[in-house]
Amino acid sequence: MVKILCIGAGYVGGPTMAMIAKKNPKVKVTVVDINQKRIDAWNSDNLPIYEPGLDEVVKAARGKNLFFSTNVDKGIKEADIIFVSVNTPTKTFGHGAGCAADLQYWEKCARRILELSTSDKIVVEKSTLPVRTAAAMERILDSGKNGVHFDVLSNPEFLAEGTAIADLENPDRILIGGHPTARGKKAIKALVDVYAAWVPKEKILTTNLWSSELSKLTANAFLAQRVSSINSISALCEATDADVGEVARAIGMDSRIGPKFLKASVGFGGSCFKKDILNLVYLCESYGLHEVAEYWRQVVKMNEYQERRFVSRMLKEMFNTIAGKRIALFGFAFKADTGDTRESPAILIARELLEENAEVVITDPQALEHAKIDLADVIDRINFEPDPYKAAKGAHAVALLTEWKEYKTLDYQKIFDGMVQPAFLFDGRNHLDHKALHKIGFNVYSIGKAALKHI
Ligand code: NAD
Ligand code: UDX
């Protein structure tokens, strides 16, 4: 029986391994983490992450061929294939602080694998890593003297949060990078076989290691670039009465451009886009490619501009003062269908509103606990309210920051009636029916569209 280990039971490790276990009932899959609380949650009915469809996939395999444990060492000793899916955040110290990837967790894993292994293993980079990290990993793993051989593969993960299970079930592609040597090819085949249990062969792409590593950073950079591009146009739309939704539709019908990822918003969030672009920027800088670095840095700058622009517009439209005004933020997660708030635009927006001495109340169906952690230093100045009606009661403005489905079906007449007049609604996701809201009496401001005002 093939034994798979995954180090890191996070947003990637947990769902990915659950899917592999479900699709390969004859493979034993163990997911380990140093975080006891997380592992306990994976073993409970209350999983540590909110992801539609995840419960079913975990329940189908857990206890049969899927196990969650904190015993990292035992897992390493037993495994034939080790996925490393630990966090690779942006460095906050030393060289490259604020830009480079912090690889300390990854390297610790590599050293532990080396220390404990008594049989040959395939080590798979599942985390997103700078191009050529595998070379460093190989040097560490090859420094052992006990005759154990390691094959390093790159197998980046492309799932998006909120749709992780659908993405894993039916991926656009699986990417596996390895060396073109006989050993490398054998390792690649072993990993291809794991995915071939459910992914059609033509969707399993094999490349050299460096192309695979770089493709992950590039994919995220291109996706984020599309969001920043349409968001830049949204600013121009607001100045000219063009409608960004209409522009996106018109350009998206060009098959060379395509319709996806052209939704103007309050800005992109999530743990990946900003981190991975900055990582790319740092890599380019370190290879002396300053113009290339600057080109990609602009994608992040545009995103920050879009977040700040949202608050400036609120301030300007609400008579240049929001001091003492209650403002209800509808949604705190960085996108719908996740409780994740990492790099959510809502964090900066909440803080900027506090800077203006507004009274901030936050509601979200899944993300309130994370919101409290993100805003721990200002928690005394913020209200957290699970019920959107209560959150909006007595508010001067509602700002919708996450496109939760339930926000479409709220009774906005009731919300309007409970608000201070004139009532303002800022839709940071172009998610609601603006004409209907305007008819109720709201002054409606959306992204990249003309405002619908009463005053
Ligand atoms: P995460 O922070 O949710 O999970 C990482 C886990 O690794 C944590 O639970 C942490 O305790 C554990 N860990 C760290 N060091 C460890 C060690 N030495 N031994 C055992 N466990 C250890 O991170 P994530 O969102 O799952 O992301 C993991 C990687 O996948 C990152 O490189 C990220 O860029 C990449 N990625 C993330 C997504 C996403 O949507 N979140 C998508 C694709 C790729
Ligand atoms: C992203 C990549 O899509 C995924 O392939 C990778 O593995 C991890 O990073 P994720 O961050 O989970 O996934 O979500 P994604 O759907 O890409 O959205 C990222 C951010 O962009 C969200 O804040 C979302 O609201 C925003 N976005 C996305 C827009 O503002 N407009 C769009 O058209 C699309």
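Order of appearance sets the numbers: ligands from 1, and atoms from 1 within every ligand.
The salt bridge (Lys or Arg N to Asp or Glu O under 4.0 Å) test applied to K3 returns no partner, not counting sequence neighbours. Every salt bridge (Lys or Arg N to Asp or Glu O under 4.0 Å) that R351 has, sequence neighbours left out, goes to D377.
Ring to ring, F67 and W42 are not that close: their centroids are 6.0 angstrom or more apart.
No side-chain donor-acceptor contact under 3.5 Å links T402 to the backbone of F334.
A salt bridge is absent between R249 and E246; no separation between the charged side-chain nitrogens and carboxylate oxygens falls under 4.0 Å. A salt bridge links R297 with E285: at least one charged nitrogen is closer than 4.0 Å to a carboxylate oxygen.
Contact annotation: the side chain of I327 approaches that of M314 to within less than 4.5 Å [non-hydrogen atoms, C-beta and beyond].
At a heavy-atom cutoff of 4.0 Å, ligand 1 is surrounded by I7, G8, G10, Y11, V12, D33, I34, N35, R38, S85, V86, N87, T88, Y105, C109, S127, T128, E157, L159, E161, K216, S271, C272, K275, R342. Each of E157, F158, L159, A160, E161, K216, N220, L223, V227, F261, L262, K263, S265, F268, G269, C272, F273, F334, K335, R429 has a non-hydrogen atom positioned under 4.0 Å from some atom of ligand 2.
Counting non-hydrogen atoms of neighbouring residues, nucleotides and ligands closer than 6.0 angstrom, the CG atom of N146 exceeds 12 such neighbours.
Classification of the F426-Y445 ring pair by plane angle, with boundaries at 30° and 60°, yields parallel.
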